[in-house]
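Some notes on the structure that comes next.
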Amino acid sequence: KYFKIGSSNPFMFLTGEAVVTKEPLEHVAWGCLCWVHNRLDPKYRPRPVGEIISSAEEMVGDQKMHKVIFNNSECFVTDLKYGQPLCKLCRVAMAELQQLRVQEAVDSMVKSLERENIRKMQGLMFRCSASCCEDSQASMKQVHQCIERCHVPLAQAQALVTSELEKFQDRLAQCTMHCNDKAKDSIDAGSKELQVKQQLDSCVTKCVDDHMHLIPTMTKKMKEALLSIGK
């Protein structure tokens with residue numbers, strides 16, 4: 001139902017590294033509703049199911065670089081399913097410099113969250129769980145239920161941070177996709193390629209600038225929410 005002792009660290013995505021693991025879906029979903037996204041199937045042909053599973057199982061135990069925005073779990077699973085990484089921001093034209101600006105800003109934000117908020121919550125969770133085990137009068141079931149209650153705040157924090165980062169990614173992707181559409185319209189209208197490229201670069205840079213300005217407010221909002229959860 002919630003984060004289980006011995007399962008993957010739920011905040012591994014904040015570290016820039018991730019280990020490929022094979023776990024029961026209920027452990028990964030933490031009791032939340034989940035569904036399969038097939039929205040890219042009409043455009044990209046999925047690989048055979050057996051090949052997807054075989055490729056995934058071969059990677060179990062591998063350590064992967066993980067970037068919240070440009071090289072995340074969506075890129076990983078779409079690469080397995082379609083043979084190419086297709087995260088939202090992988091599918092839009094964005095200069096490497098702009099990608100780096102966004103990634104560095106988001107990395108700085110999530111490291112701050114981990115250091116100032118998440119780490120304290122993890123400490124509280126483990127101390128709370130340890131106190132559950134010290135109750136010699138409790139049954140095995142009661143101890144298990146007590147430990148699960150200790151994990152609830154961290155599960156809520158995971159959901160909060162993930163949701164806010166996904167919203168940020170979606171907004172940035174929509175903005176840059178709009179830039180791509182305008183560039184295609186200009187090409188169709190007969191504009192010169194160099195002119196269209198400059199127009200596209202300028203549009204994407206503005207998208208990045210606008211969204212970089214949102215990060216301090218988003219950080220403050222998440223920290224306030226995490227403090228509220230941790231009380």
Side-chain angles (χ1 to χ4, degrees), residues 1-34 59-77 102-169 212 214-231:
K1 193 173 182 182
Y2 295 106
F3 169 56
K4 302 290 192 299
I5 289 177
S7 69
S8 301
N9 184 337
F11 284 91
M12 180 71 77
F13 71 92
L14 297 182
T15 67
E17 296 179 347
V19 177
V20 180
T21 63
K22 182 179 179 180
E23 299 181 41
L25 180 59
E26 59 268 23
H27 287 195
V28 178
W30 294 3
C32 299
L33 293 175
C34 56
M59 284 190 257
V60 171
D62 289 356
Q63 189 166 312
K64 303 282 186 181
M65 288 300 297
H66 184 279
K67 297 295 183 182
V68 176
I69 300 296
F70 293 102
N71 187 21
N72 53 30
S73 55
E74 185 183 14
C75 296
F76 176 76
V77 297
V102 175
Q103 191 62 63
E104 286 182 346
V106 172
D107 283 349
S108 177
M109 175 185 68
V110 295
K111 285 176 183 177
S112 173
L113 290 172
E114 191 280 330
R115 184 174 56 252
E116 298 175 20
N117 299 91
I118 302 301
R119 198 175 297 180
K120 294 175 183 177
M121 295 181 74
Q122 287 178 314
L124 288 172
M125 179 197 73
F126 286 116
R127 287 192 290 273
C128 175
S129 299
S131 68
C132 294
C133 299
E134 292 171 358
D135 185 355
S136 60
Q137 302 302 313
S139 66
M140 184 184 299
K141 182 178 179 180
Q142 288 172 327
V143 170
H144 182 72
Q145 290 173 338
C146 177
I147 291 173
E148 286 201 332
R149 287 193 295 271
C150 294
H151 294 168
V152 170
L154 198 62
Q156 293 173 335
Q158 157 87 1
L160 169 74
V161 174
T162 301
S163 175
E164 289 298 322
L165 290 173
E166 285 179 350
K167 289 176 187 175
F168 177 81
Q169 184 187 34
M212 294 276 280
L214 297 176
I215 289 178
T217 302
M218 182 171 66
T219 303
K220 181 181 178 183
K221 176 184 175 183
M222 283 195 284
K223 287 190 174 184
E224 289 174 349
L226 289 171
L227 285 172
S228 176
I229 291 173
K231 289 182 179 178

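If you're wondering where the values come from, they're calculated on a predicted model, not measured in any experiment. All heavy atoms count here, side chains included; hydrogens, waters and symmetry mates do not.
With values rounded to the nearest 0.5 angstrom, Ser112 atom OG is found 12.5 Å from Asp107 atom CG. Atom CG of residue Leu227 and atom CD of residue Glu116 lie 9.5 Å apart, to the nearest 0.5 angstrom. The line from CD of Gln169 to CD of Glu166 is 7.5 Å long, rounded to the nearest 0.5 Å.
Residues Phe168 and Val102 have side chains in contact (heavy-atom distance under 4.5 Å, counting atoms from C-beta outward). Here the side chains of Val152 and Gln156 are in contact, with some heavy-atom distance below 4.5 Å. Looking only at side-chain heavy atoms (C-beta outward), Met121 and Met125 stay at 4.5 Å or farther from each other. Within the 4.5 Å cutoff, side-chain heavy atoms of Ile118 are placed close to those of Leu226.
Nearest approach of Leu160 to Met222, heavy atoms of both residues: CD2-O, 4.0 Å. Scanning all heavy atoms of the two residues, the minimum distance from Met109 to Ile215 falls at SD-CG2, 4.0 Å.
When the options His144, His151, Arg149, Gln145 are evaluated for a side-chain contact (heavy atoms from CB on, under 4.5 Å) with Ile147, the one that passes is His151.
Listed by chain and residue number, Cys132 satisfy the disulfide bond (SG atoms under 2.5 Å apart) test with Cys146 (two or more places apart in sequence, or in another chain). Taking Lys167 as the reference, Ser163, Glu164 meet the side-chain contact (heavy atoms from CB on, under 4.5 Å) condition, with sequence neighbours excluded. Contacts of Lys220 classified as side-chain contact (heavy atoms from CB on, under 4.5 Å), with partners at least two apart in sequence or in another chain: Glu224.
Distance alone, capped at 3.5 Å, places no donor-acceptor pair between the Ser108 side chain and the Glu104 backbone.
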